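Accompanying notes for the structure given below.
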Amino acid sequence: MKHCVIIGGGIIGLSTAYYLQKEGHKVTVIDKSNFSEGASYVNAGYITPSHIISLAAPGIITKGLKWMLNPASPFYVKPRLDADFLKWSLAFKRSANKRKVAESIPVIKDINVFSRELYQEMKDSGDFDFHYEHKGLLMAYKDEKVGEEEWEVGQKAIELGLKVESLSAKQVAELEPKANLDVKGAVYFHSDAHMTPADFMKDMLAYLKSKGVQILGEEEVKDIEVSGDAISRVITDRRRLEADEFILAAGSWTSLLSKKLGIKILLQAGKGYRINVERETNITLPTILCEAKVAVTPMDGYTRFAGTMEIGGINHKINPVRVNAIAKAGQEYYQGLSINEEEKSDAQCGLRPLTPDGLPYIGRSSKCKNLILATGHAMMGWSMGPATGKLVTEIISEQKASVDLQPYHPDRKF
């Protein structure tokens, strides 16, 4: 048995704690929040084997340059003279090519399918109850050209063994008879599932506490001490913690903390927003509104509209222009839907950690023998949470990894 300290209490950190305690390890989780906010609470709740194309896709830079002129665009990069941002941008540009994207497709698919199976196992175990539905995902489009592009992705997914259908507007209406979707058609991925993140996080925390996991909320890591080639202790604003293994799963803050160890990883924060509509919307299927890049999720008791990718550093400023763009998209795709000012004013944001190549960092750093990095999952942190937690546990328990870890190595070159 080892004592493991996890820095970061989002879906990655808590999933890691879940599997570590299952293997009999002593676990402590530290987070500077009170476990009620951040990307793990405001995401779309998707488990997405369908999302096989990484953010660093060919053409994204050209699109990004155009979208920079539009404050309501789905993807926005704020230019700034920051060394870390410039290094990340160059690495992102190098990664956004057909060869690298093609190589990453099966890698992304496999970890997502693995994670979906783990969510199902978790649900079936009875450890705690949570909302989980495997109903698939609609990629709904208004423009035929966009539909063709989505179907190309769908065909690639079929080659990888996923069930995918191309649907006409009439077939979409048959699947969603009361939602009044105004679209030309949709690509329907049967592989995907969805959840209600905030409820799951609350119940997971309660379960971990009941199993003796030490949860330290509203506690910030101030320093990390190193002895030789290993971490000796973590110093927070309240205590000093010694352990055998340290897991850095602090999302967009991970690169700031790793610098304390002399480890520089390329990572940028991508801000996303969510609006909750706690009224009947008649939406029953998770749907991505393709042109607007807005994700719609029927959660337990409400419908969530989530979207945008704003790369502008670590901040939690709510941009009303971007919130309005999400609401506008929802109203344009769903006839009769109205998102009111109160719902928009209650919008929240979260920061998603982005690597240059769209693959997360999972594994030991060669520069520190008792440190494991688990971050950089971009928009798929929720989807990959259990898989990442399981893989970290397999590393610490010296078990054979369930999937090949090489593509996720923290020391990889871009």
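Bear in mind that the values here come from a model prediction, so they are computed numbers and not experimental data.
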Flag side-chain contact, heavy atom, 4.5 Å: Leu266 against Thr355 | no
Do the side chains of Phe114 and Lys390 get nearer than 4.5 Å, heavy atoms only?
-> yes
Greater than 12 external heavy atoms within 6.0 Å of [X]'s [atom1]:
{"X": "Lys123", "atom1": "NZ", "value": "yes"}
{"X": "Lys135", "atom1": "NZ", "value": "yes"}
{"X": "Lys142", "atom1": "NZ", "value": "yes"}
{"X": "Glu342", "atom1": "CD", "value": "no"}

When you check the gap from the basic side-chain N to the acidic O, do Lys22 and Asp127 get nearer than 4.0 Å?
-> yes
Run the salt-bridge test on Lys156 and Glu159 with the 4.0 Å N-O cut-off and return the result as yes or no.
-> no
Can you tell me how far the [atom1] atom of [X] sits from the [atom2] atom of [Y], to the nearest 0.5 Å?
{"X": "Phe200", "Y": "Met122", "atom1": "CZ", "atom2": "CE", "result": "4.5 Å"}
{"X": "His25", "Y": "Cys4", "atom1": "NE2", "atom2": "SG", "result": "5.5 Å"}
{"X": "Arg94", "Y": "Phe92", "atom1": "CZ", "atom2": "CZ", "result": "12.5 Å"}
{"X": "Leu248", "Y": "Ile7", "atom1": "CG", "atom2": "CD1", "result": "5.5 Å"}
{"X": "Met139", "Y": "Ile288", "atom1": "CE", "atom2": "CD1", "result": "4.0 Å"}

Look at the rings of [X] and [Y] and say which category their plane angle falls in: under 30° parallel, 30 to 60° tilted, over 60° perpendicular.
{"X": "Tyr119", "Y": "Trp382", "result": "parallel"}
{"X": "His131", "Y": "His194", "result": "perpendicular"}
{"X": "Phe85", "Y": "Trp88", "result": "parallel"}

Kindly indicate whether a cation-pi arrangement holds for Lys293 with Phe75, taking the cut-offs as under 6.0 Å to the six-membered ring centre and within 45° of the axis.
-> no
Of all heavy-atom pairs between Ala374 and Ile12, which one has the smallest distance, and what is that distance?
-> O-CG2, 3.6 Å
Closest heavy-atom contact between Ala72 and Ala325?
-> O-CB, 3.6 Å
Only residue of Thr297, Asn276, Thr196 satisfying side-chain hydrogen bond (donor to acceptor under 3.5 Å, both in side chains) with Arg304 is Asn276
Verify whether one side chain among [X] and [Y] offers a donor that lies under 3.5 Å from an acceptor in the other.
{"X": "Thr236", "Y": "Glu219", "value": "yes"}
{"X": "His51", "Y": "Ser383", "value": "no"}
{"X": "Glu218", "Y": "Ser33", "value": "no"}
{"X": "Asp411", "Y": "Ser366", "value": "yes"}

I would like to know whether Glu245 and His3 meet side chain to side chain donor-acceptor pair (under 3.5 Å); could you show each step before the answer?
-> CA-CA 6 Å; Glu245 299 278 3; His3 181 199; over 6 Å; no
Do Tyr41 and Phe35 have their ring centres less than 6.0 Å from each other?
-> no
Is the centre of the His190 ring less than 6.0 Å from the centre of the Tyr188 ring?
-> yes
